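Within every chain, numbering begins at 1; the chains are lettered A, B, ... in the order of the sequence lines, protein sequences first and strands thereafter. Quick caveat: nothing in here was measured; it's all calculated off a predicted structure.
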Amino acid sequence: MSFNLHILTTELSKSFLTLLRTKELHAFITKSHLAFDPFYATRIVRLYSINSKLDYARHLFDKTPNRSVYLWNSIIRAYAKAHKFGDALSLFLTMSATETLPDNFTYSCIIRACSENHHREWLKFVHGRVLVTGFGLDPICCSALVTACSNLDLIEEATKVFGGMPHPDLVMWNSIICGFGSCGYWNQGLLLFSRMRNLGEHPDGYTVVGVASGIAEPSLLSTGKGIHGLCLKYNFDSNEHVASALVSMYSRCNCMDSAYLVFSSLLQPDLVTWSALITGYSRAGDFRKAMLFFQKLNMQGKKMDSILIVSILAATAQSTNIRHGIEIHGYVLRSGIESNEMISSSLIDMYSKCGYLNLGIRVFHVMPQKSISTYNSVIWGLGLHGLASKALEMFEELLTIGLVPNESTFSALLCACCHVGLNSVGKEIFKRMKDEFCIKYRTEHYVYIVKLLGMTGELEVAYNLIMSLPESVDSGIWGALLSCCDACGNVELAEVVAQRLIENDPDKTAYKVMLSNIYAGDGRWDDVKKLRDTMTEKERGKLPGLSWI
DNA sequence: GTGTAACTAT
């Protein structure tokens with residue numbers, strides 16, 4: 001068989017690629033002198049990258065004498081796409097020391113790689129390089145920076161980069177709006193959205209996906225509907241990304257009817273949209289519908305992906321119906337979906353939540369390669385079944401085999417301790433999390449430790465712990481303490497705590513209900529009445545919907 | 001021919 005290098009590298013259609021046997025192709029390429037021309041080398045590197053033949057790509061790159069910026073960028077992108085961050089970074093550093101200096105696209109590529117691999121420190125380093133090399137106002141670099149920063153929870157950095165642009169283009173706007181949305185600052189996202197429109201910039205699909213991603217709870221439903229209306233107005237709703245974003249937005253708002261309406265308006269919903277719908281039903285607790293749509297999709301003969309399997313397993317786990325779970329497990333085994341650690345973790349979780357911890361542990365033992373997330377699932381399972389000491393053993397085991405615990409590991413461990421009231425062990429774990437493993441506490445960790453302290457009679461300690469927190473305290477943490485006060489019958493502390501909660505968010509009535517129940521338990525009916533009265537007033541004074549559209 | 005987007009879970 002013989003190839004024409006020019007046709008080969010210009011006709012980059014996927015079907016064409018699959019016809020080629022890579023070995024033959026490689027033999028041909030290494031024989032051809034033209035292949036080491038930087039122009040062709042660049043295209044061939046891309047071709048190899050699509051075929052996941054990074055070694056061949058690297059070989060060609062190393063043999064090409066006069067490397068252009070394009071060639072450098074292609075090989076760096078190839079490594080970045082294959083999640084080989086170390087290789088991408090070292091090539092980037094090497095490149096920075098050559099005469100062919102990185103351009104704005106090189107930077108944007110390595111910036112994205114930093115964010116995908118959660119390397120904050122490297123991102124800051126690259127950001128510095130961007131500024132030093134004079135790309136600080138380049139839209140290509142800056143949009144990548146904004147996205148990367150916000151993905152790594154560095155929204156202030158992202159804002160700074162955006163704010164430095166005198167005339168942000170649409171991509172820049174989209175990046176920052178999406179950044180705010182995904183960090184949970186939905187209102188900031190909307191504010192920027194309207195500012196952008198006032199400046200005469202027209203939104204596109206990316207923009208609405210960005211704002212929709214910030215709508216994360218039922219109280220924002222009316223805002224979400226406004227966004228949906230906007231999509232209809234601009235005809236974005238037939239865009240697959242927009243449609244999936246809307247489906248999952250509605251499902252986060254517990255509004256599955258609207259989610260289904262969006263879904264059913266699509267002629268050919270893709271796998272992601274199906275996943276969004278199924279996940280939505282599962283989150284809403286409608287496992288019957290979740291299973292029904294899973295089966296519907298299955299009947300169409302579509303090949304599932306692992307995300308869909310994970311989401312349907314979560315649904316069966318919550319339904320605690322082991323029969324469905326076994327069915328899905330069978331499906332996974334039959335269908336030849338590559339059984340990855342994500343699926344295995346979900347299987348372990350499903351079995352343990354359905355009450356068959358032993359089956360979950362069997363899945364765990366059968367796995368050839370165990371990761372931190374599979375250990376996490378087992379630890380959660382053991383904790384759920386009250387086997388805290390076994391959970392702690394698993395923790396020691398994962399440390400011995402060299403795995404690195406993460407936030408979830410500690411949530412699972414604290415939850416396990418909490419479940420059986422292992423006060424001192426829990427404290428120890430909580431301490432090690434920060435001191436030994438340098439993991440930042442999140443709300444859930446505080447919630448567990450407060451519950452653990454509170455339920456084992458150390459209400460004061462729990463209270464002082466919360467008071468010592470430097471940052472603003474999430475209501476969930478105070479809420480945990482409040483329910484402990486309730487359980488221990490400590491009305492004095494309950495009042496103090498409830499006051500804080502009500503200050504924090506006066507619109508939420510749940511805490512007032514809790515406090516009024518505590519009063520009632522103590523026989524303080526006057527206080528109950530007073531509290532109930534403020535509740536109704538507040539309800540009446542609720543703010544009307546936003547009018548930003 | 002390189003910058004921004006949808007579904008995962010412990």
Side-chain angles (χ1 to χ4, degrees), chain A residues 12 39 42-43 46 68-74 76-78 80-81 102-112 135 138-148 150-151 168-179 181-182 204-213 236 239-249 251 269-280 282-283 304-314 317 340-346 348-350 352-353 371-381 383-384 406-413 415 444:
Chain A
L12 272 175
F39 175 79
T42 304
R43 297 199 153 182
R46 284 190 61 226
S68 63
V69 179
Y70 296 136
L71 180 59
W72 277 101
N73 290 356
S74 310
I76 293 175
R77 176 152 263 328
K81 276 198 172 159
D103 67 359
N104 48 352
F105 290 106
T106 323
Y107 282 109
S108 63
C109 171
I110 204 74
I111 288 166
R112 190 193 174 111
F135 287 111
D138 178 84
I140 310 288
C141 280
C142 290
S143 54
L145 270 173
V146 167
T147 301
S150 43
N151 281 343
D169 66 3
L170 181 60
V171 176
M172 276 302 290
W173 280 109
N174 289 347
S175 306
I176 191 72
I177 289 172
C178 185
S182 55
D204 64 0
Y206 286 86
T207 328
V208 289
V209 167
V211 277
S213 68
F236 292 150
N239 173 319
E240 289 173 336
H241 289 265
V242 173
S244 307
L246 288 176
V247 168
S248 88
M249 176 193 80
S251 76
D270 68 5
L271 216 54
V272 177
T273 322
W274 279 95
S275 295
L277 187 78
I278 291 171
T279 311
S282 145
R283 262 200 288 243
M304 316 275 175
D305 68 354
S306 52
I307 292 179
L308 191 55
I309 298 293
V310 167
S311 109
I312 194 69
L313 277 171
N340 56 27
E341 43 156 297
M342 236 163 48
I343 293 182
S344 305
S345 305
S346 305
I348 296 167
D349 185 55
M350 179 277 293
S352 76
K353 281 195 180 139
S371 73
I372 187 64
S373 59
T374 44
Y375 268 93
N376 289 350
S377 292
V378 173
I379 294 175
W380 277 108
L384 193 74
N406 59 24
E407 291 168 354
S408 176
T409 317
F410 287 97
S411 298
L413 288 168
C415 178
E444 62 197 271

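Within the 4.0 angstrom heavy-atom criterion, only backbone atoms of the sugar-phosphate kind lie near A314(A); the bases stay farther away. Counting any heavy atom pair closer than 4.0 Å across all strands shown, G210(A) reaches no nucleic acid atom. When heavy atoms are screened at a 4.0 angstrom cut-off, D270(A) is found touching base atoms of the nucleic acid. Using a 4.0 Å heavy-atom cutoff across all strands shown, S345(A) reaches no nucleic acid atom at all. Nucleic acid contact for D349(A): sugar-phosphate only, since backbone atoms but no base atoms lie under 4.0 Å from a heavy atom of the residue. Residue contacts shown for K81(A) are absent, as no nucleic acid heavy atom lies under 4.0 Å away.
One donor-acceptor pair, N or O on each side, does fall under 3.5 Å between the base of dA5(B) and the side chain of N239(A). Judged by distance alone, with hydrogens and angles left aside, S108(A) brings no side-chain donor or acceptor close enough to the base of dG3(B) to form a pair under 3.5 Å. In this model, a side-chain donor or acceptor of D169(A) finds a partner on the base of dG3(B) within 3.5 Å.
Whole-Å rounding puts the R77(A) CZ to dG3(B) P distance at 5 Å. If you take CG of L246(A) and C1' of dA5(B), they are 12 Å apart, rounded to a whole angstrom. The CD atom of E407(A) sits 14 Å away from the P atom of dT10(B) (whole-angstrom rounding). Distance, I177(A) CD1 to dT4(B) P: 16 Å, rounded to whole Å. Residue I343(A) contributes atom CD1, which lies 14 Å from atom C1' of dC7(B) at whole-angstrom precision.
In this model, the phosphate group of dG1(B) is approached by a side-chain N or O of R46(A) to a distance below 4.0 Å at OP1 or OP2. In terms of phosphate contacts, R283(A) brings a side-chain nitrogen or oxygen within less than 4.0 Å of OP1 or OP2 of dT8(B). Taking 4.0 angstrom as the limit, S346(A) places none of its side-chain polar atoms (N or O) nearer than this to OP1 or OP2 of dA9(B).
Taking the ring pair (Phe, Tyr, Trp, His ring centres under 6.0 Å) definition, one finds that Y375(A) meets it with F364(A), sequence neighbours left out. K81(A) is linked by a salt bridge (Lys or Arg N to Asp or Glu O under 4.0 Å) to nothing, counting only residues two or more places apart in sequence or in another chain.
Just one residue in the list T106(A), N104(A), D103(A) forms a side chain to side chain contact (heavy atoms under 4.5 Å, CB included) with C141(A), and that residue is N104(A).
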